[in-house]
Amino acid sequence: MAQKMDNNFKKRFGDRISVSYLVKSFTPAERETQNTKLYKAIRQVMVGILKREPTQEELLGLKDISEHNPRRKN
């Protein structure tokens with residue numbers, strides 16, 4: 001990271017988050033496992049945001065979900 005970005009990251013998150021970069025590349029099987037885990041994580045985040053199952057277009061980024069803004073009711 002650039003020095004300014006690194007300082008901003010440290011200021012915002014302190015020692016709660018550490019960043020590590022991959023030294024070697026994944027094998028095809030490891031890459032498939034990683035992609036599957038990332039897909040499931042992104043899907044769960046979208047379910048939390050939308051409060052429903054996302055469509056294929058939403059998962060692929062073809063449909064804009066930024067306008068979906070349900071208000072919390074207190």
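Quick note: residue numbers are just sequence positions, from 1.
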Identify which one of Asp6, Asn7, Asn8 satisfies the side-chain contact (heavy atoms from CB on, under 4.5 Å) criterion when paired with Lys4.
Asn8
Any side-chain heavy-atom pair from Leu59 and Thr55 closer than 4.5 angstrom?
no
Answer with yes or no whether the hydrophobic clustering places Tyr39 together with Val47; edges join I, L, V, M, F, W, Y residues whose side-chain heavy atoms lie under 4.5 Å apart.
no
May I ask you to decide whether Arg52 forms a salt bridge with Glu58, counting only side-chain N to carboxylate O separations under 4.0 Å?
yes
Here the pair of heavy atoms bringing Gln34 nearest to Phe26 is OE1-CZ, 3.1 Å
Any non-hydrogen side-chain atom of Glu53 less than 4.5 Å from a side-chain atom of Arg43?
yes
Strictly distance-based, threshold 3.5 Å: is any side-chain N or O of Glu30 a donor or acceptor partner for the main-chain N or O of Thr27?
yes
Under 3.5 Å, side chain of Arg16 to main-chain N/O of Phe13, donor-acceptor pair present?
yes
